[in-house]
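Notes to accompany the following structure.
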Amino acid sequence: MEADESIMRHVIALSVENVQSGRGGPFAAVVVRDGKIIAEGTNVVTSENDPTAHAEITAIRNACQKLNTFQLDGCDIYTSCEPCPMCLGAIYWARPRTIYYGNTKSDAASIGFDDSFIYEQLDHPPEKRSIPMRQLLADEAISGFRAWEAKEDKIAY
């Protein structure tokens, strides 16, 4: 517990430093394996002009590159805030053991980082979302899936 709190204090300090440096929002994350921080990430959406550059995403990218893998088996993620839908999806794909977080999504919403609209959009059928989704060329698009099914040396994930 003491080690977890120490790591979370480091994450909190990174989030404050990120705001003060002007690099991005008040979010930071680290990936930990065997009690050691192996990668860090902060929110750099505005400084990198990348809407996907949330703290958890950058930490996952850095950890996977360092570990030379696309999964974070045996790792834990510490993040300054409960992950947004995009980050939560990425975390699930990365498959860590545990997620530790500081602030809640309600805390984030109270300072202008409200992602409740995304959760609401997911409840709508694709064609009824605020950014409508329209399927095109389904009969042709399936060829990529068929190629994957036939590939004998594929790496499943």
Side-chain angles (χ1 to χ4, degrees), residues 1-126 129-131 133 144-145 148-149 151 153-157:
M1 182 67 136
E2 194 173 305
D4 292 335
E5 290 177 356
S6 175
I7 293 168
M8 184 58 78
R9 284 189 181 96
H10 177 72
V11 171
I12 293 165
L14 285 174
S15 73
V16 172
E17 178 184 311
N18 200 54
V19 171
Q20 292 173 341
S21 73
R23 286 188 41 86
F27 304 98
V30 299
V31 176
V32 174
R33 178 182 264 174
D34 299 325
K36 293 182 175 65
I37 295 173
I38 59 166
E40 297 180 344
T42 58
N43 176 292
V44 289
V45 169
T46 55
S47 62
E48 300 284 329
N49 293 317
D50 181 353
T52 69
H54 290 200
E56 298 91 336
I57 301 290
T58 58
I60 289 168
R61 288 175 180 161
N62 293 337
C64 288
Q65 186 173 43
K66 183 172 184 175
L67 297 173
N68 195 33
T69 183
F70 56 88
Q71 292 185 334
L72 297 176
D73 300 324
C75 295
D76 299 307
I77 295 180
Y78 292 73
T79 179
S80 60
C81 187
E82 185 178 359
C84 75
M86 176 184 69
C87 293
L88 190 58
I91 290 168
Y92 270 88
W93 280 114
R95 294 177 176 86
R97 284 187 312 202
T98 308
I99 306 166
Y100 297 94
Y101 64 95
N103 297 304
T104 66
K105 60 185 177 182
S106 297
D107 296 330
S110 74
I111 62 163
F113 293 93
D114 188 0
D115 53 21
S116 62
F117 75 96
I118 298 172
Y119 290 104
E120 292 167 7
Q121 290 295 302
L122 292 172
D123 285 337
H124 298 306
R129 294 178 181 159
S130 63
I131 301 175
M133 297 174 64
F145 284 8
W148 176 256
E149 286 178 320
K151 186 172 176 58
D153 63 343
K154 64 185 164 219
I155 299 172
Y157 61 98

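Just so it is clear, the values below take in all heavy atoms, side chains as well, and ignore hydrogens, waters and symmetry mates. If you read the sequence from its start, that first residue is 1, and numbering goes on from there.
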Contact summary for Asp115 and Pro85, nearest pair of heavy atoms: OD2-CD, 3.3 Å

Minimum-distance pair of heavy atoms, taken over all atoms of Pro26 and Ser80: O-OG, 3.7 Å

Heavy-atom closest contact (Cys81 atom, Ala108 atom, distance): SG-CB, 3.8 Å

N/O donor-acceptor pair under 3.5 Å between Ser15 side chain and Ala28 backbone: no

Shortest non-hydrogen separation from Ile38 to Ala63 and the atoms involved: CD1-CB, 4.1 Å

Chi angles and distances behind the side chain to side chain contact (heavy atoms under 4.5 Å, CB included) call for Val30, Leu14: CA-CA 10 Å; Val30 299; Leu14 285 174; 4.0 Å; yes

Within the 6.0 Å centroid threshold, strictly below: Phe27 and Phe113: yes

Spatial distance of atom CG (Leu67) from atom CG (Asp73) [nearest 0.5 Å]: 10.0 Å

Heavy-atom donor-acceptor pair, Asn62 side chain to Glu40 backbone, under 3.5 Å: yes

Any donor-acceptor N/O pair, Gln121 side chain to Ser130 backbone, under 3.5 Å: yes

Considering all heavy atoms, the nearest Ile57-Ala90 contact: CD1-CB, 3.3 Å

Rounded distance (nearest 0.5 Å) linking atom OH of Tyr101 with atom CD1 of Ile77: 14.5 Å

Closest approach of Met8 to Gly102 (non-hydrogen atoms, all atoms of both residues): CE-N, 3.8 Å

Close side-chain approach of Thr52 and Arg61, heavy atoms under 4.5 Å: yes

Over-ring placement of Lys105 relative to Tyr119, 6.0 Å and 45° cut-offs: yes

Where at least one partner belongs to residues 16-35, residue pairs that pass side chain to side chain donor-acceptor pair (under 3.5 Å), sequence neighbours excluded: Asn18-Thr42

Other residues, nucleotides, ligands: >12 heavy atoms within 6.0 Å of Lys154 NZ: yes

Rounded distance [0.5 Å steps], NE2 in His54 versus CG in Leu88: 13.0 Å

Between CD1 on residue Ile7 and CZ on residue Arg9, distance to nearest 0.5 Å: 11.5 Å

Non-hydrogen side-chain atoms of Cys64 and Ile60 separated by less than 4.5 Å: yes

Exceeds 12 heavy-atom contacts within 6.0 angstrom, atom CZ of Phe70: yes

Note, Arg97 side chain near Cys75 side chain (heavy atom, < 4.5 Å): no

Main-chain N/O of Ala109 paired to Asp114 side chain as donor or acceptor, under 3.5 Å: no

Test item: Pro96 and Asp76 side chains (from C-beta on) under 4.5 Å apart, heavy atoms: no

Any side-chain heavy-atom pair of Thr58 and Val44 under 4.5 Å: yes

Derivation of the side chain to side chain contact (heavy atoms under 4.5 Å, CB included) call for Ile37 and His10: CA-CA 10 Å; Ile37 295 173; His10 177 72; 3.5 Å; yes

Pair Glu56-Thr79, side-chain donor/acceptor within less than 3.5 Å: yes

Contact check, side chains of Pro83 and Ile99, non-hydrogen atoms, under 4.5 Å: yes

Check: Asp107/Thr104 side-chain N/O donor and acceptor closer than 3.5 Å: yes

CG-CD distance between Asn43 and Glu48, expressed to the nearest 0.5 angstrom: 10.5 Å

Within 6.0 Å of CD in Glu5, more than 12 heavy atoms from elsewhere: yes

pair Leu72-Val31: side-chain heavy atoms closer than 4.5 Å: yes

Arg95 (side chain) donor-acceptor with Trp93 (main chain) under 3.5 angstrom: yes

